[in-house]
Amino acid sequence: MTTSARAATTPAVLVLEDGRSFSGRAYGAVGETFGEAVFSTGMTGYQETLTDPSYHRQVVVMTAPHVGNTGVNDEDPESSRIWVAGYVVRDPARVPSNWRSRRSLDDELAAQGVVGISGIDTRALTRHLRERGAMRVGIFSGNALADEGTLLARVRQAPEMTGADLSAEVATDQPYVVPAVGERRFTVAALDLGIKGMTPHRMAERGIEVHVLPATASVEDVYAVAPDGVFLSNGPGDPATADLTVIQAVLERGTPLFGICFGNQLLGRALGFGTYKLKYGHRGINQPVQDRATGKVEVTAHNHGFAVDAPLDKVSDTPYGRAEVSHVCLNDQVVEGLRLLDRPAFSVQYHPEAAAGPHDAAYLFDRFTQLMEAQRA
């Protein structure tokens, strides 16, 4: 019997910090794990979700009821490992079925030591998180099981996401280069705050040579590659903990700047706006966002628990010129993008690389290219 098969018969319990619990069966590794309970609304793309570094220290609840039916392949990971702290599904696939599948999802989770739980009412859990907000959670199975009072006390001892400085924990230790596809047109310095593999690939497709730098890179490190533009990636944690020195230097010099997700929050803070923690965040590949300049509505991929606090109804004065909110979420009017009017810099709160997700926002990489073209002219 495989490890995952044994886990499927092992009792497990999920305990939220407010005391609510759900009983089910172990899925993936047997043991215990802690993190922030969040839910993802994507019907597909679980492999990209699991390997997204932005999910570091989060326990992901899948709202789609049936998970794992396409198995796991070797082409779709967005990084070198699974980053979620735990995984919660209702009905795991019994047998994966896809021509690219190399192994089952539960076997992959077990192999990487990711503790999960299956067989629980994920709809009820999602509704609870929507009403009460994202919160700390623990999953326990096998020898980790104990009375719920003891388990609840352990969950409440786990660190919170607010105030967490996590980018350096998921970023590359050494710089590396993703070469341009075809003729090299531009060079971009990309700060790895938790970057997904598809992101530099999307830039490379547009003739951009991408130098991916550690989250701790200095201003000197960034400009040592003679960049035509600077990119700020997605990543985990609280943006209030980040050092803004590099971003401020890039804005001062007028180098074209593009940020996504965590990078959007950091640009917002560099401009003087605040950030705040959302009640339960946006996670999934089906979030409606409006481009306020064109009125066009895009279906987009999201993974964020913090947002920028910027006014929607006016142009703001910042230390780097005028700025405006460029995109807004149609579900709750959360700021989804920023644009400087006097310098070549913009950002969005979502994932235009579409891994997994729709391709509505791919034009943003072209917009970044156009900024670099204009700067060079």
Side-chain angles (χ1 to χ4, degrees), residues 42 45 47-56 75-83 166-167 170-172 174-181 184-215 217 222 225 227-237 239 242 246-247 250 256-267 282-285 287 289 298 300-304 327 336-337 345-372:
Q47 191 168 337
E48 292 89 340
T49 294
L50 289 165
T51 55
D52 180 352
S54 295
Y55 279 114
H56 179 42
E75 296 77 44
D76 290 344
E78 284 299 303
S79 65
S80 60
R81 52 166 283 191
I82 292 176
W83 282 102
L166 303 178
S167 290
V170 301
T172 182
Q174 298 295 324
Y176 62 92
V177 177
V178 178
V181 176
R184 178 171 65 85
R185 300 172 58 206
F186 301 103
T187 300
V188 162
L191 279 183
D192 179 5
L193 308 170
I195 200 167
K196 294 172 66 177
M198 186 59 73
T199 303
H201 178 69
R202 292 293 185 223
M203 288 188 272
E205 290 174 334
R206 289 160 170 82
I208 299 172
E209 179 180 277
V210 185
H211 292 249
V212 182
L213 306 178
V222 169
V225 306
D228 298 294
V230 175
F231 177 79
L232 308 175
S233 83
N234 60 291
V246 170
I247 303 169
V250 172
L257 176 69
F258 176 28
I260 68 169
C261 201
F262 195 68
N264 174 70
Q265 296 158 19
L266 298 191
L267 176 59
H282 301 159
R283 296 173 181 87
I285 57 177
Q287 308 285 334
V289 167
E298 307 162 15
T300 57
H302 289 225
N303 175 15
H304 65 106
H327 296 73
E336 295 290 349
F346 73 103
S347 60
V348 294
Q349 186 54 67
Y350 46 97
H351 287 257
E353 81 288 336
H359 296 264
D360 293 15
Y363 71 93
L364 293 167
F365 291 111
D366 297 321
R367 181 175 292 179
F368 187 33
T369 301
Q370 291 161 7
L371 280 186
M372 292 187 286

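Keep in mind the model is a prediction, meaning the values are calculated, not measured.
The two atoms that bring Pro236 and Phe262 nearest to each other are O-CE1, 3.8 Å, heavy atoms only. Closest of all the heavy-atom pairs between Val230 and Phe368 is O-CZ, 3.7 Å. When all heavy atoms are compared, the tightest approach of Ala362 to Arg206 is O-NH2, 3.4 Å. Residues Gly45 and Ala356 approach most closely at CA-CB, 3.5 Å, considering heavy atoms. Pairing each heavy atom of Ala180 with each of Gly207, the nearest pair is CB-C, 3.6 Å. Residue Ile285 comes nearest to Pro358 through the heavy atom pair O-CD, 3.2 Å, listed as atom of the first residue, atom of the second, then distance.
In this structure, Thr187 contributes its side chain and Glu209 its backbone to no donor-acceptor pair below 3.5 Å. Remark: the backbone N or O of Tyr363 is not paired with any side-chain donor or acceptor of Arg367 at under 3.5 angstrom.
For the residue pair Asn303 and Asp52, a side-chain donor N or O sits within less than 3.5 Å of a side-chain acceptor on the partner. For Asp192 and Thr172, the side-chain atoms include no donor-acceptor pair closer than 3.5 Å.
Of the inter-residue distances, the one linking Trp83 atom CH2 with Leu50 atom CG reads 13.5 Å to the nearest 0.5 angstrom. Once rounded to the nearest 0.5 Å, the distance linking CE of Met198 with CE of Met203 reads 12.5 Å. Taking OG1 of Thr51 as the start and CG of Asp76 as the end, the distance is 8.5 Å to the nearest 0.5 Å. Summarising the geometry, atom OG belonging to Ser167 is positioned 11.5 Å from atom CD1 belonging to Ile195; distances are rounded to the nearest 0.5 Å. Rounded to the nearest 0.5 angstrom, Thr369 OG1 and Met372 CE are separated by 4.5 Å. With values rounded to the nearest 0.5 angstrom, Cys261 atom SG is found 5.5 Å from Asn234 atom CG.
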Under the criterion side chain to side chain donor-acceptor pair (under 3.5 Å), I'd like the reasoning laid out for Glu336 against His282: C-alpha separation, chi angles, the key distance, then a yes or no. CA-CA 11 Å; Glu336 295 290 349; His282 301 159; 3.2 Å; yes
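Residues Glu205 and Phe365 fail the side-chain proximity criterion, which asks for heavy atoms closer than 4.5 Å. Put simply, the side chain of Val289 does not reach to within 4.5 Å of the side chain of Gln349, judged on heavy atoms. Using a 4.5 Å heavy-atom cutoff, the side chains of His327 and Thr300 are not in contact.
Applying the ring-ring contact (aromatic ring centres under 6.0 Å, His included) rule to His211 yields no partners; only residues at least two apart in sequence or on another chain are considered.
Applying the 6.0 Å contact sphere to CD of Gln174 captures no more than 12 heavy atoms from other residues, nucleotides or ligands.
Each of Phe346, Phe258, Phe186 was scored for a ring pair (Phe, Tyr, Trp, His ring centres under 6.0 Å) with Phe231, with one residue passing: Phe258. Screening Lys196, His302, Glu48 against His351 for a side chain to side chain contact (heavy atoms under 4.5 Å, CB included) leaves a single residue, Lys196. None of Leu266, Asn264, Leu193 except one satisfies the side chain to side chain contact (heavy atoms under 4.5 Å, CB included) rule with Pro239; the exception is Leu266.
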